[in-house]
Amino acid sequence: MFDFFTTIEKERARNLSPVTLAFVGDAVYSLYVREKLVLSTDFKTGELQKLTSQQVSAHGQSGLLEKLIPLFNEEETDIYKRGRNAKKSTKSKNASVAEYNRSTGFEAVIGYLYLTGQYKRIEQLLDGNDEN
């Protein structure tokens with residue numbers, strides 16, 4: 001049986017593909033942005049979607065990453081670099097290769113933290129460092 005919010009050991013998470021970590025991190029970050037917008041505004045869904053897309057895009061994540069990289073610990077920096085440098089099967093339509101690679105690294109860190117149950121660390125990194 002699958003239990004929602006199940007966490008895994010750090011070693012197991014480190015052994016996952018960084019692109020797999022980014023897959024999870026993309027969903028986690030998207031939910032974070034959506035929830036924050038819904039709870040802090042009274043915009044209609046069209047505006048919420050527009051604002052979410054701006055922040056969750058490779059370009060938006062790459063900009064946020066400038067603020068976050070100095071806050072990463074050694075483990076997070078390693079995960080970020082693995083995600084950034086990973087071979088990806090898709091390419092971004094609306095971002096440069098560098099932005100796409102950096103955003104994949106960012107998403108890998110968020111995915112790693114989420115899967116290992118480090119929710120407070122995700123909050124520490126994202127609260128006060130997002131654009132809204």
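The figures that follow rest on heavy atoms only: side chains count, while hydrogens, waters and symmetry mates do not.
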Residues that Tyr114 engages under ring-ring contact (aromatic ring centres under 6.0 Å, His included), provided they are two or more places apart
Tyr119
In a table with atom names and distances, give each donor-acceptor pair under 3.5 Å that connects a side chain of residues 45-52 to protein atoms at least two apart or in another chain.
residue : atom : partner : partner atom : Å
Gln49   : NE2  : Ser53   : OG           : 3.1
Thr52   : OG1  : Leu48   : O            : 2.8

Applying side-chain hydrogen bond (donor to acceptor under 3.5 Å, both in side chains) to Thr116 and not counting sequence neighbours gives Gln118
For a quick test of your reading: what N or O donor-acceptor pairs under 3.5 Å do the side chains of residues 15-25 make, sequence neighbours left out?
residue : atom : partner : partner atom : Å
Asn15   : ND2  : Glu11   : O            : 3.1
Ser17   : OG   : Val19   : N            : 3.1

Qualifying residues under salt bridge (Lys or Arg N to Asp or Glu O under 4.0 Å), relative to Lys81, sequence neighbours excluded
none
Gap between atom OH of Tyr32 and atom CG of Leu125 - 0.5 Å precision
10.0 Å
Side-chain touch Leu126/Val33, heavy atoms, less than 4.5 angstrom:
no
So, using side-chain hydrogen bond (donor to acceptor under 3.5 Å, both in side chains) as the criterion, who are the partners of Asp26 when residues are at least two apart?
none
Arg84: what forms a salt bridge (Lys or Arg N to Asp or Glu O under 4.0 Å) with it, not counting sequence neighbours?
none
Residues forming a side chain to side chain contact (heavy atoms under 4.5 Å, CB included) with Leu31, sequence neighbours excluded
none
So do Glu76 and Leu113 actually touch side chain to side chain, heavy atoms under 4.5 Å?
yes
For residues 109-120, which residue pairs qualify under salt bridge (charged side-chain N to carboxylate O under 4.0 Å, His left out), counting only residues two or more places apart or in two chains?
Lys120-Glu123
Applying salt bridge (Lys or Arg N to Asp or Glu O under 4.0 Å), can you list everything that pairs with Glu9, at least two apart in sequence or on another chain?
none
For a 4.5 angstrom cut-off between non-hydrogen side-chain atoms, does Leu65 reach Tyr80?
yes
Here the gap from Ile79 atom CD1 to Phe72 atom CZ, rounded to the nearest 0.5 Å, amounts to 10.5 Å
Would a 4.5 Å heavy-atom cut-off, applied to side chains only, mark Asp78 and Glu75 as touching?
no
The criterion is side-chain hydrogen bond (donor to acceptor under 3.5 Å, both in side chains); which residues satisfy it with Glu66, sequence neighbours excluded?
Arg102
By side-chain hydrogen bond (donor to acceptor under 3.5 Å, both in side chains), which residues pair with Thr7, not counting sequence neighbours?
none
